[in-house]
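Down below is the structure, laid out as structure tokens.
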Amino acid sequence: LFLKFAVKCQQVVMSVRRVSFNIAYSRLSKTFSKCFATQPINLKDVLSNKIVNEQKTIGAFRKEHGNKKFGEYTIDQIYGGMRGITGLVTETSLLDPEEGIRFRGYSLPECQKLLPKAANGSAPLPEGIFWLMITGSLPNEHQVSWLTKEWNERADIPSHVSNMLNSFPSTLHPMSQFAAAVIALNTESKFKSAYAKGIKKTLFWEYTYEDAMDLIAKLPIIASIIYRNLYREGSSVGALDVNKDWAENFSAMLGYDTFEFSELLRLYLTIHVDHEGGNVSAHSTHLVASALSDPYLAFGAGMCGLAGPLHGLANQEAYTWLTKVAAAVGSNPTDEVVTEYIWSTLKAGQVVPGYGHAVLRKTDPRFTIQHEFAEKNLPNDEMYKLVRQIYKLAPGILTEQGKTKNPYPNVDAHSGVLLQHYGLKEMQYYTVLFGVSRALGVMSSLVWDRALGLPIERPKSITSDALIKKFA
């Protein structure tokens with residue numbers, strides 16, 4: 001009897017605790033909601049306050065420390081593409097050789113966890129990472145919803161751009177079409193118009209912001225027209241749905257109007273946004289913009305760089321190599337057979353596409369996130385299983401070979417498999433997706449370039465004869 005009484009008392013106590021907890025949780029939720037509701041949702045307003053404070057901070061820092069030396073470099077670095085030479089300021093992201101990329105201090109796994117997501121989704125909304133990069137602060141759902149609405153309202157493209165896209169021959173590479181359309185958009189540049197009227201330098205960032213927002217909003221329509229013209233017999237992209245987010249609309253306009261593909265596209269567009277300022281597409285955009293070219297011209301230059309085989313086309317090359325592996329080793333190959341094929345690639349003087357990185361010295365977190373997505377959504381896909389098997393074997397083989405500082409996979413080793421699985425099989429188009437994503441990073445950086453008044457880029461060069469005379 002005593003035991004029954006004790007159990008009953010415990011049940012009553014736990015019931016009271018649950019009620020108290022529910023009340024407390026409800027009050028806490030309301031408090032958080034009120035806090036979020038009072039936060040400004042207009043991005044330009046948020047950015048204005050951030051810029052004023054940052055200008056003061058950077059100005060004071062440069063005044064006190066501007067004449068101090070920062071680092072040394074070697075002759076090999078001068079000849080070697082300036083690898084390892086720090087010569088740029090890019091506020092949006094920082095790449096650590098061991099940790100991977102951080103966006104405003106947040107790692108990719110942290111972004112995956114903390115950024116707002118679509119209803120029932122697990123991938124961050126690209127709007128969220130753009131807000132993070134351009135403001136330095138994590139957005140709430142209200143702010144991300146505002147940004148979605150803003151981009152949807154700015155999405156229409158001028159008729160001369162759509163007419164140009166529809167007149168391109170089918171033999172013109174999708175990246176050539178993409179870069180040309182972006183540059184043709186500069187008829188709409190608010191920065192160009194304002195600069196011609198003689199605006200103050202302190203207002204440069206505001207007009208750059210307007211162009212950046214317009215450009216990002218229009219890219220999914222441009223990219224979708226290119227895809228439909230080349231691969232879907234010129235069918236219409238349809239009307240933009242104001243109730244859908246940026247990636248979801250992009251997915252639908254491409255013709256893949258499913259929740260699963262929209263989630264993949266959200267993931268893809270998030271992880272490709274930025275990778276410091278020294279890569280070709282980011283640096284090209286910064287360099288051209290430093291001459292006060294408008295954001296459309298600058299981004300067009302960046303896309304010409306992204307189209308190169310050593311930059312944006314790398315994911316295409318990685319998947320092409322993977323198909324060769326699959327054809328050679330057959331279905332369900334043993335580790336020994338795959339190992340033999342990897343060695344044959346290396347002994348032929350070739351690299352293993354999708355492995356190694358100029359800065360990273362560990363598995364690229366962008367690869368890991370895609371790997372987790374595949375393990376959850378397509379664990380039995382034959383090509384994914386081959387990617388997983390190569391991931392198990394290749395690092396050890398490359399380490400044994402001893403010719404690479406980083407034997408681990410990068411972002412390009414995986415993305416092609418995911419897109420192929422969901423039906424987007426046109427590999428030449430993959431770099432266009434990369435370009436749409438990269439706009440979020442380089443446009444965020446460009447707004448800050450203007451806000452901080454960064455000058456035209458003009459590094460000193462030297463001849464080989466001059467170097468030899470100095471050191472030989």
Side-chain angles (χ1 to χ4, degrees), residues 73-85 95-101 108 271-272 275-276 278-280 306 308-372 374-375 381-420 427 430-431 434:
Y73 55 94
T74 65
I75 292 173
D76 275 345
Q77 286 176 292
I78 297 174
Y79 279 104
M82 297 188 288
R83 292 284 177 90
I85 298 176
L95 183 57
D96 183 271
E98 300 301 325
E99 277 195 330
I101 194 69
L108 259 178
I271 66 176
H272 286 83
H275 225 227
E276 282 194 351
N279 63 76
V280 172
L306 189 68
L310 296 182
H311 191 16
L313 292 190
N315 61 353
Q316 181 179 326
E317 293 188 343
Y319 188 79
T320 298
W321 180 78
L322 194 65
T323 58
K324 293 178 181 178
V325 178
V329 303
S331 181
N332 297 315
T334 63
D335 287 352
E336 289 75 19
V337 170
V338 175
T339 296
E340 183 179 347
Y341 189 91
I342 295 172
W343 272 115
S344 70
T345 298
L346 297 172
K347 289 176 181 178
Q350 302 171 356
V351 299
V352 177
Y355 278 73
H357 192 272
V359 179
L360 279 170
R361 295 296 175 263
K362 60 170 284 184
T363 298
D364 191 334
R366 299 172 299 175
F367 173 91
T368 303
I369 285 174
Q370 292 181 98
H371 199 60
E372 291 169 351
E375 192 63 37
D381 183 277
E382 290 298 320
M383 294 300 277
Y384 164 62
K385 289 194 288 186
L386 185 58
V387 167
R388 185 172 58 193
Q389 190 173 17
I390 293 171
Y391 179 35
K392 181 177 73 172
L393 301 170
I397 295 170
L398 292 168
T399 299
E400 183 179 342
Q401 185 202 31
K403 291 186 178 181
T404 179
K405 294 179 180 178
N406 175 20
Y408 300 107
N410 58 51
V411 66
D412 300 313
H414 216 312
S415 54
V417 169
L418 299 178
L419 294 167
Q420 291 276 328
M427 287 189 290
Y430 291 173
T431 314
F434 194 162

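Both backbone and side-chain heavy atoms feed into the values below; hydrogens, waters and symmetry mates do not.
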For this session: Sorted by first residue and then second, give each salt bridge (Lys or Arg N to Asp or Glu O under 4.0 Å) pair with at least one member in residues 310-322; sequence neighbours left out.
Result: none

Seminar exercise, completed: For Gln77 and Gly84, the nearest pair of non-hydrogen atoms, with its separation, is NE2-C, 3.5 Å

Exercise. Which distance, rounded to the nearest 0.5 Å, do you find between the CG of Leu306 and the CG of Leu313?
Worked result: 7.5 Å

Exercise. Considering all heavy atoms of both residues, which atom of Pro333 and which atom of Leu386 are nearest to each other, and what is their separation?
Worked result: CG-CD1, 4.4 Å

Exercise. Counting N and O atoms only, with roles assigned by atom type, does the side chain of Asn410 sit under 3.5 Å from a partner on the main chain of Gly356, one being a donor and the other an acceptor?
Worked result: yes

Problem set entry | Gap between atom NE2 of His414 and atom CZ of Arg388 - 0.5 Å precision | 9.0 Å

Problem set entry | Side chain proximity check, Val325 to Ile342, heavy atoms < 4.5 angstrom | no

Seminar exercise, completed: Contacts of Tyr319 meeting ring pair (Phe, Tyr, Trp, His ring centres under 6.0 Å) (sequence neighbours excluded), chain-then-number -> none

For this session: Check ring pair (Phe, Tyr, Trp, His ring centres under 6.0 Å) between Tyr408 and all other residues, then give those that pass, not counting sequence neighbours.
Result: none

Exercise. Would you call Tyr73 and Met82 a side-chain contact if the rule is heavy atoms closer than 4.5 Å?
Worked result: no

Exercise. What closest approach, in Å, do Ile390 and Pro395 show between heavy atoms, and which atom pair accounts for it?
Worked result: O-CD, 3.9 Å

Seminar exercise, completed: By side-chain contact (heavy atoms from CB on, under 4.5 Å), Asp335 pairs with (sequence neighbours left out) Gln389, Lys392, Leu393

For this session: Starting from the C-alpha separation in whole Å, work towards a yes-or-no answer on side chain to side chain contact (heavy atoms under 4.5 Å, CB included) for Asn406 and Leu398.
Result: CA-CA 8 Å; Asn406 175 20; Leu398 292 168; over 6 Å; no

Problem set entry | Closest heavy-atom pair and its distance - Ile271, Val411 | CD1-CG2, 4.2 Å

For this session: Any pair with a residue in residues 344-356 that passes side-chain hydrogen bond (donor to acceptor under 3.5 Å, both in side chains), sequence neighbours left out, goes on the list, sorted by first then second residue, please.
Result: Trp321-Thr345

Problem set entry | More than 12 heavy atoms of other groups within 6.0 Å of Glu375 CD | yes

Seminar exercise, completed: His275 meets the ring pair (Phe, Tyr, Trp, His ring centres under 6.0 Å) criterion, sequence neighbours left out, with His357

Exercise. Do Tyr384 and Gln370 meet the criterion of a side-chain donor-acceptor pair at a distance under 3.5 Å?
Worked result: no

Problem set entry | Stepwise side chain to side chain contact (heavy atoms under 4.5 Å, CB included) test for Gln316 and Asp412 | CA-CA 8 Å; Gln316 181 179 326; Asp412 300 313; over 6 Å; no

Exercise. Shortest non-hydrogen contact from Pro353 to Ala318?
Worked result: CB-CA, 3.6 Å

Exercise. So, for Gly100 and Leu95, which heavy atoms are closest and what is the spacing to 0.1 Å?
Worked result: C-CD1, 3.5 Å

Problem set entry | Straight-line distance of Ile101 CD1 to Arg366 CZ, nearest 0.5 Å | 7.5 Å

Exercise. Which word best sums up how the rings of His311 and Phe434 line up, parallel for under 30°, tilted for 30 to 60°, or perpendicular for over 60°?
Worked result: perpendicular

For this session: Could you tell me the separation between the OG1 atom of Thr431 and the CG atom of Asn315, rounded to the nearest 0.5 Å?
Result: 5.5 Å

For this session: State, yes or no, whether a side-chain contact exists between Gln420 and Met427 at a heavy-atom distance under 4.5 Å.
Result: yes

Problem set entry | Note, Arg83 side chain near Asp76 side chain (heavy atom, < 4.5 Å) | no

